[in-house]
2 protein chains.
Amino acid sequence: MAISRLDDGKPINTQLIVLLRNRIVQGELLPGAKLSEAKIAADLGVSRQPVREAFIKLADEGLLEIRPQRATVVPKISVPRVMEVRFVREAIEADIVRLAATRFGRAEHGELARIIAAQEGADSVEEFIAEDDRLHRFLAEGVGQGYAWGVVESLKLQLDRVRFLTVRQFPKQSILDHHRAIVAGVVAGNPDRAEQAMRAHLNAINDDLPEIAKSMPELFEDHVGAGGQPDLA
Amino acid sequence: MAISRLDDGKPINTQLIVLLRNRIVQGELLPGAKLSEAKIAADLGVSRQPVREAFIKLADEGLLEIRPQRATVVPKISVPRVMEVRFVREAIEADIVRLAATRFGRAEHGELARIIAAQEGADSVEEFIAEDDRLHRFLAEGVGQGYAWGVVESLKLQLDRVRFLTVRQFPKQSILDHHRAIVAGVVAGNPDRAEQAMRAHLNAINDDLPEIAKSMPELFEDHVGAGGQPDLA
DNA sequence: GCTTGACAACTACCATACCAGTTGCCAGAC
DNA sequence: GTCTGGCAACTGGTATGGTAGTTGTCAAGC
């Protein structure tokens, strides 16, 4: 049941990827949830094959864990993994913003100001997040590194999963301050300032992550012991 | 025919991914080659399903282009795309080597020296490349960024495809000099020197790329026109 | 009560069959 | 000779059936 409207022109597998990805990132499917090709297929009124392909894709993105002949589960959030993903994102966007600081001209500076203004005026969280993405994307595409943004976007999924857990106490003011600092560095044509602002911005999650993990430990992987599950296989 | 030994314990789709990826990266399947799920499946004596999954995975990696109801082809090499991939790799490895320069101790310095020595003594191209990878991987994993190396590894596929075209005039001496400079910066505990050496190393492909593209233009995408194929759909 | 082994109920993986869309060829009309 | 329409031969996408492997349960034996 609950055929969540799968009737676009696009192939079914693609639609399933988007559908399931949203459910996982937005926390509708929580870490630990067990999925099954057959069940999902039956619920959505499609065959198991497209579901399987969606599972594989999401497993590649780190949003699912396929355990053959056992089950497919939404993995618990691994704090060390999140920090590693964040590291990669910071490295990429630091270089991007340096380029922007040296290459952007008046036209791009204007667009940056418009995005900041739109984000200030956003009244819903969804809109705020959309403008957030727009800023980062524009920086990348503006310096001709659209591919890099694609990489960041796939990494970001795992970070967004954490972000959606804290959507209540979403620090809008703090994020806006960070964005203003980044844009200021770019407009000033100062790569060092822009880079530092970007790194500080992306480091913010490190402040929140430990307390988030403590407040809802059932969603996080224990990493107290030396390593993972004591699988005696 | 030609069942290229697919009898490991691993799942068939995984084996197919590795098999096809090697054929593409190593230039056995050249840009422009047209593949077919059915044909590959018949040739290897398996069903179309695992072949299909391998196609999807390789398409994600940029090594195949699936055109529904038309064909699946090995894409021509896009010079701008290669440069964008290279940009991302440089950003990631620059930050990694900075960490290595500040964190590595005597034990890691010894391992770096051993890898350099092994690469100096390599007599086959394959061995040389293997030691090359080992150095980069060790830098990443040594600073606790194994995930970042995974990202680089998937990016590298598209760069390796170019590298294998030039395997004849492979600049071993130049690469070794670069590696020595990187290691020197790390051992000296000088992040700036290490970073600059790494960036210079990874920038080397930019010197060769234009002339490679000119010498074998049939393997490269024309990017003279404003944009891609004039698909009038 | 506790352990153990067989069975039932899952799982993901693979094979096969069918479907819809695209392409290219070729015959017929002009 | 050129153009056009339709059919045949592909393509990848989807549906379904069957198989091997894992897990949990429950009854039989100690």
Side-chain angles (χ1 to χ4, degrees), chain A residues 1 3-20 24 29 32-75 229-233, chain B residues 1 3-20 24 29 32-75 229-233:
Chain A
M1 347 229 156
I3 305 182
S4 303
R5 276 175 260 114
L6 290 179
D7 40 7
D8 301 11
K10 299 177 187 175
I12 293 181
N13 59 21
T14 308
Q15 299 181 50
L16 289 178
I17 291 170
V18 176
L19 177 69
L20 292 175
I24 296 171
L29 287 171
K34 198 160 44 173
L35 302 186
S36 149
E37 287 180 3
K39 187 169 187 327
I40 298 282
D43 286 354
L44 274 61
V46 299
S47 111
R48 294 186 342 249
Q49 211 50 49
V51 177
R52 170 175 171 73
E53 290 165 11
F55 277 18
I56 294 176
K57 172 68 172 170
L58 294 173
D60 270 349
E61 296 176 345
L63 297 180
L64 279 181
E65 183 179 344
I66 299 176
R67 298 196 284 220
Q69 273 68 42
R70 237 164 303 181
T72 295
V73 302
V74 180
Q229 304 83 348
D231 225 340
L232 50 117
Chain B
M1 346 236 157
I3 305 182
S4 303
R5 276 174 260 112
L6 289 181
D7 40 6
D8 300 12
K10 298 178 188 177
I12 295 180
N13 59 20
T14 308
Q15 298 180 51
L16 289 178
I17 291 170
V18 175
L19 178 69
L20 292 175
I24 295 172
L29 287 171
K34 199 161 41 172
L35 301 186
S36 149
E37 289 180 1
K39 187 169 187 325
I40 299 283
D43 286 355
L44 273 62
V46 299
S47 119
R48 273 181 46 211
Q49 212 51 48
V51 176
R52 170 174 172 74
E53 290 164 13
F55 276 20
I56 293 175
K57 171 70 173 169
L58 294 173
D60 271 348
E61 296 176 345
L63 297 179
L64 279 182
E65 184 179 346
I66 300 177
R67 299 196 284 220
Q69 272 68 42
R70 237 164 301 181
T72 295
V73 302
V74 180
Q229 305 84 346
D231 223 344
L232 49 118

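Values below: all heavy atoms of this structure, side chains included; hydrogens, waters and symmetry mates excluded. Lettering of chains follows the sequences in order, A, B, ..., and the numbering in each one begins at 1.
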Counting side-chain heavy atoms from CB outward, which of [options] is closest to [X]?
X      : options                   : value
R52(A) : dC14(C), dG12(D), dT14(D) : dC14(C)
R48(B) : dA12(C), dC14(C), dT14(D) : dT14(D)
P11(B) : dT14(D), dC14(C), dT22(C) : dC14(C)

### Query
Is N13(A) near enough to dG13(D) that one of its side-chain N or O atoms lies under 4.0 angstrom from OP1 or OP2?
no
#### Entry: Contact under 4.0 Å: T72(B) side-chain N or O vs dT11(D) OP1/OP2
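For dT11(D), OP1/OP2 do not have a side-chain N/O of T72(B) under 4.0 Å.
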Whole-Å distance separating the [atom1] atom of [X] from the [atom2] atom of [N]:
X      : N       : atom1 : atom2 : answer
I66(B) : dT14(D) : CD1   : P     : 12 Å
K39(B) : dT11(D) : NZ    : P     : 10 Å
E53(B) : dG12(D) : CD    : P     : 15 Å
L44(B) : dC14(C) : CG    : P     : 13 Å
I17(B) : dC14(C) : CD1   : P     : 10 Å
R67(B) : dT23(C) : CZ    : P     : 9 Å
K34(B) : dG12(D) : NZ    : P     : 10 Å
R70(A) : dA20(D) : CZ    : P     : 19 Å

Interatomic distance, [X] atom [atom1] to [Y] atom [atom2] [nearest 0.5 angstrom]:
X      : Y      : atom1 : atom2 : answer
I40(B) : F55(B) : CD1   : CZ    : 5.0 Å
N13(B) : R52(B) : CG    : CZ    : 13.0 Å
I56(A) : K57(B) : CD1   : NZ    : 10.0 Å
L16(B) : Q49(B) : CG    : CD    : 11.5 Å

### Query
Would you say the side chain of Q69(B) and the base of dG12(D) hold a donor-acceptor pair, judged only by whether the two atoms sit under 3.5 Å apart?
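Checked by distance alone, the answer is yes.
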### Query
At under 4.0 Å between heavy atoms, what does I56(A) touch on the DNA or RNA strands: base, sugar-phosphate, or nothing?
nothing
### Task
Hey, which sits more toward the 5' end of DNA chain C by its nearest nucleotide, E37(A) or Q49(B)?
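On the 5' side of the pair lies E37(A).
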#### Entry: Non-hydrogen atoms of S47(B) and A41(B) that approach each other most closely
O-CB, 3.6 Å
### Message
By nearest heavy atom, map S47(A) and P68(A) onto DNA chain D; which one lands nearer the 5' end?
### Response
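Comparing both residues, the 5'-ward one is S47(A).
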